[in-house]
Chemist: 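Sending over a structure as structure tokens; questions will come in a sec.
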Number of protein chains: 2
Amino acid sequence: MIDRSSGVPAYRQVAADLREKIKSGNLSPGTQLPSERELVESYGVSRVTVRDAVGLLRSEGVVTVEHGRGVFVRPPTTVQRLSRSRLSRAARDANQGMFLGDAAQGGFTPSVTVRIRFEPADEATAQSLEIEDGTEVTVRDRVMRADGLPVQLAISRLPRDVTRQAPAVEQVETGQGGAYARLEEAGFRLGHFNETVTARMPTPDEASLLQLASGVPVIVVTRIAYTVDGKPVEVNDMILSADRYELSYDIPAE
Amino acid sequence: MIDRSSGVPAYRQVAADLREKIKSGNLSPGTQLPSERELVESYGVSRVTVRDAVGLLRSEGVVTVEHGRGVFVRPPTTVQRLSRSRLSRAARDANQGMFLGDAAQGGFTPSVTVRIRFEPADEATAQSLEIEDGTEVTVRDRVMRADGLPVQLAISRLPRDVTRQAPAVEQVETGQGGAYARLEEAGFRLGHFNETVTARMPTPDEASLLQLASGVPVIVVTRIAYTVDGKPVEVNDMILSADRYELSYDIPAE
DNA sequence: AAGTGGTCTAGACCACTAA
DNA sequence: TAGTGGTCTAGACCACTTG
């Protein structure tokens, strides 16, 4: 099975063979692969080599490994699509925070854990909010769960000056329409949002919090909310599991 | 250095120690780490264990490894920010294709390799373009390079029916304003774009084409261009290196 | 030539899962 | 209890980079 003279490392040949069997449907989604010891037999390589091969497929997100159970072909994951039209005032008003609106659309039972704290702004926050370094900010640190499974982390920071005028934002429960509604009631009429999107591998903390399979990156979204006057009032850093989310944006051609 | 009784695997302890030294600035960006054999000595573990530790840091994107040279603390990468306002008609008209416009902003020397082919639409393409499965589409397959380095892959598909009316789109060189300008000249006035964004680990092909360091995911953007009548005329699948790109979107609050 | 990481072996024991 | 993956060892040879 393995061509020793080809110059291609044995573990890559094993990985390529398994990958091929998966792609061709020979091993269908959810199916268990032969155990590592069986693969050792059938390919005639050492266990370390088999593990390197499986590790490669893992890092590609092709298989998942469950300790004590086995290696399985990863089934295609269900994506939750986040359309940015949900930032419209109407959509915001309809729901108690945006995540609960997503839940209504996505058909899952949402739960959110919120922790509030106050701290001096670090450099990045200060720059985003256009305030002095070290100015006090209100931090809303949230873990969003779908059917009990953590799927999203979000940390919002707002100048304390702003939240003092909208005290509900300093509370865990912000009520109908969420924090944005409270801000608007306090006179901070929102004009537009800017979202920057990138991706990276999770930190170990994020991986365990979001229960990420290895080989799954996170999508990092930084949203800044601006008032109609162009003053930034909130910066929200969101961490999403890349295999569970897809973002959707509409852009006019003009 | 390693606590054998803690229950934490040795390779994780080694990784944690190195990560800490990097975060604290004790090992600054670009610095070479001690060689694997030196780490074997200093931590009193086997080489495999050291390699597992380094592999973990690699997969987190914390270090890069160069065969024959050593392991280095990964310097923060320069990000190219793609603002979606560049899809405005004015921005499109100003440049010969969007990537060349990005280059002007980013200050790098761009080059693009384009291959044109014609093929029947697969299921996903057909759905995006709202055409029958198997209808002939024009495929523009592109590799974009910045200063010679491949940084972006893009595959556009348009119904052949459409490109026959804008023959320049079936050519490698589309001229001033790029393919979108030719489409508009042919009467396909563009109304809006929709972009869906997600991320995943690269396939081996993508990794080698984009020369991705291991542990760097790709951002996958699918853009569909619609005419003012709401007819989709192009679906463009873009693959971006996540450590080199950041996307930026503006969203009105209304 | 010397030093670096890349691959590989044969075997051991541990931790988790399921019957 | 048996089977799975997780961790680890001590050592070997290869491929790449640099002086």
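All chains are named by letter (A, B, ...) in the order of the sequence lines, taking the proteins before the strands, and each is independently numbered beginning at 1. Note that these values count all heavy atoms, side chains included, but never hydrogens, waters or copies made by symmetry.
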Chemist: Ignoring hydrogens and geometry, is there a side-chain-to-backbone donor-acceptor pair from A:Gln32 to A:Arg69 under 3.5 Å?
Modeler: yes
Chemist: Of the options A:Leu57, A:Leu18, A:Leu33, which is the one that meets A:Val71 in a side-chain contact (heavy atoms from CB on, under 4.5 Å)?
Modeler: A:Leu33
Chemist: Between C1' on C:dT9 and CD1 on A:Ile2, what's the gap in Å once rounded to a whole number?
Modeler: 15 Å
Chemist: Between P on D:dA15 and OH on A:Tyr11, what's the gap in Å once rounded to a whole number?
Modeler: 14 Å
Chemist: Of the residues in residues 38-63 of chain A, which ones touch DNA chain D at a heavy-atom distance under 4.0 Å?
Modeler: A:Arg47, A:Arg51, A:Arg58
Chemist: When you measure only distances, ignoring hydrogens and angles, does the side chain of A:Arg12 come within 3.5 Å of the base of C:dG6 through a donor and an acceptor?
Modeler: no
Chemist: Can you check whether B:Lys21's main-chain N or O pairs, donor with acceptor, with B:Ser24's side chain at less than 3.5 Å?
Modeler: yes
Chemist: Of the nucleotides D:dG5, C:dG5, D:dT17, which one has an atom closest to the side chain of B:His67?
Modeler: C:dG5
Chemist: Just the rounded figure in Å: distance from P of D:dC8 to CD of A:Glu36.
Modeler: 15 Å
Chemist: Roughly, in whole Å, what's the span from CZ in B:Phe72 to P in C:dG5?
Modeler: 8 Å
Chemist: Between A:Glu195 (side chain) and A:Ile224 (backbone), is there a donor-acceptor pair under 3.5 Å?
Modeler: no
Chemist: OP1, OP2 of D:dC16 versus side-chain N and O of B:Arg69: anything below 4.0 Å?
Modeler: no
Chemist: Hey, does the side chain of A:Glu36 reach the backbone of A:Val50 with a donor-acceptor pair shorter than 3.5 angstrom?
Modeler: no
Chemist: C:dT7 C1' sits how many Å from B:Arg37 CZ, rounded?
Modeler: 12 Å
Chemist: For A:Ala121, is there any backbone N or O sitting under 3.5 Å from a side-chain donor or acceptor partner on A:Thr125?
Modeler: no
